**Q** 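There's a structure below that I have some questions on.
Since we're looking at a predicted model, the values are computed, not measured. In what follows, every heavy atom counts, from backbone to side chain, and hydrogens, waters and symmetry copies are set aside.
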Amino acid sequence: GLELSLDSLESLGVSASYTVYDTKNDSNQVAYILDSLLKQNVDLIIGPFFSDRITEVATWCYEYKIKMICPVSTNISVLKGNPYVDVAISSDYTLMEGLAKYTLNRNNKEKVILINPKNESDKLLYDHFRESYLSNIVNENQNLIEASLSDYKLHIPNSGKSILVFPSTDEGVSLKFISDLMSYTDNRGSNITIFGTKEWLNYENMKGSYLNKFDVHMASPNNFSFKDSLVNELALKYREKYSTDLTKISALGYDVSSYVIHRYLLHDINIFEGVMGNMDMLQKGEGNGFENNSVLIIHQQDYELLKVQNDQ
């Protein structure tokens, strides 16, 4: 994917050379590669793809003032005090903030109920959604009801529409919540919309009827779907050149490389519009690195995953 993107450079009047290294997810191999880079006048590093090795490379980039793009999900603590790092994948906290803003934008007469998942890691997501929602309220009708797993049903109205926000990344807890709600709502499912997390897309038992009945929405950093015309166009180019099918990781490589060309070779500071998602880098405080602030809201409709609107 990266190679396919770089092929476009000549037509843009820009030239660049690149080398691919295999870190083997080994710290000794990473150290060896970094030592060799010192002799090569390197301007920018994309990677590594293993999150365990990202901190090592980020520390080296800070020392030698070389720009680094993290192309995979990583702990955003790597940005602290290091302005040379860009994180291309929006963090879970940024996704929750985007989901909260989307909820407010569509909330006219829907009752919004935020349900506490009750475990420590998900409590942070719960807090991020809550704080972002409350700090962006623009009219007095946009109330937020906070509930627990034991009492949230008391807040679901008999008539009218409601949004249940359940920011859980635990498969067992999430499936139990959906299954329990399925039994409780019976024929009232059409009046309920659920906002969950992107992790739900990976749960085999969550797919299909569960996601479809409640029009489940999720915030995601990107969306790889052959229903999308941009993905289809790239897939045709990819097959023509490599005689194989486009994969999500290849599409990600294409987007990250295209962003690098857009931002660092063509010096275009506007939001980059990618194939799977956009890149809108914001500095996370003075002296820190940059995180992609772009959020896509996707939902399942008629058993297909679709983007419901552009970036928040």
**Q** Checking Ser258 against Ser5 for the side-chain hydrogen bond (donor to acceptor under 3.5 Å, both in side chains) test, could you report, in this order, the C-alpha distance in whole Å, the side-chain angles of both residues, the deciding distance, and whether it holds?
**A** CA-CA 6 Å; Ser258 299; Ser5 170; 3.0 Å; yes

**Q** Drop me the distance from Ile76's CD1 to Ile89's CD1, to the nearest 0.5 angstrom.
**A**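 Result: 13.5 Å between the selected atoms.
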
**Q** Output the distance between atom NE2 (His299) and atom CD1 (Ile194), rounded to the nearest 0.5 Å.
**A**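 Rounded to the nearest 0.5 Å, the NE2-CD1 separation comes to 14.0 Å.
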
**Q** Do Ser77 and Asn75 get their side chains close enough for a donor-acceptor pair, meaning under 3.5 Å?
**A** yes

**Q** Under 3.5 Å, side chain of Gln142 to main-chain N/O of Val138, donor-acceptor pair present?
**A**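 Here the side-chain-to-backbone pair exists.
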
**Q** Is the closest side-chain heavy-atom distance between Pro117 and Asp170 below 4.5 Å?
**A** no

**Q** Does any N or O in the side chain of Thr193 come within less than 3.5 Å of the main-chain N or O of Asp215, such that one atom is a donor and the other an acceptor?
**A**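 Side chain of Thr193 to backbone of Asp215, a donor-acceptor pair under 3.5 Å: no, none is there.
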
**Q** Which pair of heavy atoms, one from Met281 and one from Tyr259, lies closest together, and at what distance?
**A**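 Minimum heavy-atom separation between Met281 and Tyr259: CG-OH, 3.2 Å.
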
**Q** Check step by step if salt bridge (Lys or Arg N to Asp or Glu O under 4.0 Å) holds for Asp26 and Arg53.
**A** CA-CA 8 Å; Asp26 178 79; Arg53 309 276 76 89; over 6 Å; no

**Q** Ignoring hydrogens and angles, tell me if any N or O in the side chain of Asp228 forms a donor-acceptor pair with the backbone of Ser225 under 3.5 Å.
**A** no

**Q** side-chain hydrogen bond (donor to acceptor under 3.5 Å, both in side chains), that's the test. Do Thr23 and Asn25 meet it? Break it down for me.
**A** CA-CA 5 Å; Thr23 68; Asn25 198 18; 5.5 Å; no

**Q** Do any N or O atoms from the side chain of Asn292 and from the backbone of Asn278 form a donor-acceptor pair under 3.5 angstrom?
**A** yes

**Q** Using modelled atom types and a 3.5 Å cut-off, is there a donor and acceptor pairing between side-chain atoms of Asn191 and backbone atoms of Ser159?
**A**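 No; judged by distance alone, with no hydrogens or angles, the pair does not exist.
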
**Q** Is there a side-chain contact between Leu252 and Met276, using heavy atoms and a 4.5 Å cut-off?
**A** yes

**Q** Has Asp180 got a side-chain atom pairing as donor or acceptor with Lys176's backbone, closer than 3.5 angstrom?
**A**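 Checked: no pair found.
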
**Q** Ignoring hydrogens and geometry, is there a side-chain-to-backbone donor-acceptor pair from Asn116 to Ser148 under 3.5 Å?
**A** no

**Q** Within a reach of under 6.0 Å around CG of Leu154, are more than 12 heavy atoms found that belong to other residues, nucleotides or ligands?
**A** yes

**Q** Nearest 0.5 Å, what's the NZ-CG distance between Lys111 and Leu164?
**A**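 It comes to 10.5 Å.
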
**Q** Do Ile46 and Tyr64 sit in the same hydrophobic cluster, where Ile, Leu, Val, Met, Phe, Trp and Tyr count as joined when their side-chain heavy atoms come under 4.5 Å apart?
**A** yes

**Q** If you compare all heavy atoms of Leu9 against all heavy atoms of Ala16, which two are closest, and at what distance to 0.1 Å?
**A** CD1-CB, 3.8 Å

**Q** Which heavy-atom pair separates Ile298 from Ser220 by the least distance, and what is that distance?
**A** CD1-CB, 4.1 Å

**Q** Report the residue from Asn143, Val165, Ile145 that forms a side-chain contact (heavy atoms from CB on, under 4.5 Å) with Val112.
**A**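 The single option meeting the side-chain contact (heavy atoms from CB on, under 4.5 Å) with Val112 is Val165.
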
**Q** Do the non-hydrogen side-chain atoms of Pro221 and Val295 ever get within less than 4.5 Å of each other?
**A** no

**Q** For Glu291 and Lys284, what are the C-alpha separation, side-chain angles and deciding distance, and is it a salt bridge (Lys or Arg N to Asp or Glu O under 4.0 Å)?
**A** CA-CA 7 Å; Glu291 180 197 349; Lys284 308 304 282 188; 3.4 Å; yes

**Q** For residues Leu144 and Ile137: do they belong to one hydrophobic cluster (side chain heavy atoms under 4.5 Å, members Ile, Leu, Val, Met, Phe, Trp, Tyr)?
**A**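 Yes, it is one cluster - the side chains of Leu144 and Ile137 are joined through contacts under 4.5 Å.
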
**Q** Any donor and acceptor pair, going by atom type alone, linking the side chain of Thr94 with main-chain N or O of Ser90 inside 3.5 Å?
**A**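 Such a contact is absent between Thr94 side chain and Ser90 backbone.
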
**Q** Compute the centroid of each ring, for Phe224 and then for Phe226, and state whether the two points are separated by less than 6.0 Å.
**A**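 So the answer is yes for these two rings.
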
**Q** Can you establish whether the number of heavy atoms outside Tyr18 located under 6.0 Å from its atom OH is more than 12?
**A** yes

**Q** Shared ILVMFWY cluster between Val14 and Ile261, side chains joined below 4.5 angstrom?
**A**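 Yes, because Val14 and Ile261 connect within a single hydrophobic cluster, where side-chain heavy atoms sit under 4.5 Å apart.
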
**Q** Applying side-chain contact (heavy atoms from CB on, under 4.5 Å) between Pro167 and each of Leu114, Asp122, Ile115, report the one that passes.
**A**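 Of the listed residues Leu114, Asp122, Ile115, the side-chain contact (heavy atoms from CB on, under 4.5 Å) partner of Pro167 is Leu114.
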
**Q** Parallel, tilted or perpendicular for Tyr62 and Tyr84, by the 30°/60° rule?
**A** perpendicular

**Q** Can you tell me how far the CZ atom of Phe49 sits from the CD1 atom of Ile249, to the nearest 0.5 Å?
**A**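 Here the rounded value is 5.0 Å.
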
**Q** Identify whether Leu124 and Tyr126 are in the same connected component of the hydrophobic contact network (ILVMFWY, side-chain heavy atoms under 4.5 Å).
**A** yes

**Q** Taking all non-hydrogen atoms of both residues into account, name the closest pair between Pro48 and Met68 and its distance.
**A**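 Scanning both residues, the minimum pair turns out to be CD-CE, 4.0 Å.
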
**Q** Shared ILVMFWY cluster between Val20 and Ile69, side chains joined below 4.5 angstrom?
**A** yes

**Q** Does the side-chain hydrogen bond (donor to acceptor under 3.5 Å, both in side chains) test come out yes or no for Ser250 and Tyr238, once each step is laid out?
**A** CA-CA 9 Å; Ser250 295; Tyr238 195 84; 3.0 Å; yes

**Q** Can you confirm whether the side chains of Ser51 and Thr74 place a donor and an acceptor under 3.5 Å from each other?
**A**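 Result is no, nothing qualifies.
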
**Q** Shortest non-hydrogen contact from Cys61 to Ile45?
**A** SG-CD1, 3.8 Å

**Q** So which heavy atom on Ala219 is nearest to which on Lys198, and how close?
**A**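 The pair with the smallest heavy-atom distance is O-CB, 3.6 Å.
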
**Q** Yes or no on side-chain hydrogen bond (donor to acceptor under 3.5 Å, both in side chains) for Thr169 and Thr197, after CA distance, side-chain angles and deciding distance?
**A** CA-CA 6 Å; Thr169 59; Thr197 65; 5.9 Å; no

**Q** Checking salt bridge (Lys or Arg N to Asp or Glu O under 4.0 Å) for the pair Asp268/Arg263: CA distance, chi angles, key distance, verdict?
**A** CA-CA 5 Å; Asp268 188 338; Arg263 177 66 182 86; over 6 Å; no

**Q** Under the salt bridge (Lys or Arg N to Asp or Glu O under 4.0 Å) rule, what pairs show up with a residue in residues 77-91, not counting sequence neighbours?
**A** Lys67-Asp86

**Q** Do side-chain atoms of Ser257 reach the backbone of Tyr254 as a donor and acceptor pair under 3.5 angstrom?
**A**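 Pair absent, no side-chain N/O of Ser257 close to backbone of Tyr254.
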
**Q** Which pairs of donor and acceptor atoms, one on a side chain in residues 36-44, lie under 3.5 Å apart (sequence neighbours left out)?
**A**
{"unit_1": "Ser36", "atom_1": "OG", "unit_2": "Ile33", "atom_2": "O", "d": "2.6"}
{"unit_1": "Gln40", "atom_1": "OE1", "unit_2": "Tyr21", "atom_2": "OH", "d": "3.4"}
{"unit_1": "Gln40", "atom_1": "NE2", "unit_2": "Tyr21", "atom_2": "OH", "d": "2.9"}
{"unit_1": "Gln40", "atom_1": "NE2", "unit_2": "Ser36", "atom_2": "O", "d": "3.2"}

**Q** In Å and rounded to the nearest 0.5 Å, what is the CE to CG distance from Met218 to Leu99?
**A** 10.0 Å

**Q** May I ask you to decide whether Lys237 forms a salt bridge with Glu233, counting only side-chain N to carboxylate O separations under 4.0 Å?
**A**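 Not counted as a salt bridge, because no side-chain N and carboxylate O are separated by less than 4.0 Å.
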
**Q** Counting only heavy atoms not in Arg130, do more than 12 fall under 6.0 Å of its CZ?
**A**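 No, CZ of Arg130 has 12 or fewer neighbouring heavy atoms, counting only those of other groups under 6.0 Å.
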
**Q** A quick test of your reading: do over 12 heavy atoms of other residues, nucleotides or ligands sit less than 6.0 Å from CD of Glu273?
**A**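 Check fails, neighbour count at 12 or below.
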
**Q** Would you give the length of the straight line joining atom CG of Leu6 to atom OG of Ser15, rounded to the nearest 0.5 angstrom?
**A**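 Answer rounded to 0.5 Å: 11.0 Å.
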
**Q** Which residue, Trp200, Phe166, Phe195, forms the ring pair (Phe, Tyr, Trp, His ring centres under 6.0 Å) with His217?
**A** Phe195

**Q** Are the side chain of Glu97 and the backbone of His128 linked by a donor-acceptor contact shorter than 3.5 Å?
**A**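 Pair absent, no side-chain N/O of Glu97 close to backbone of His128.
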
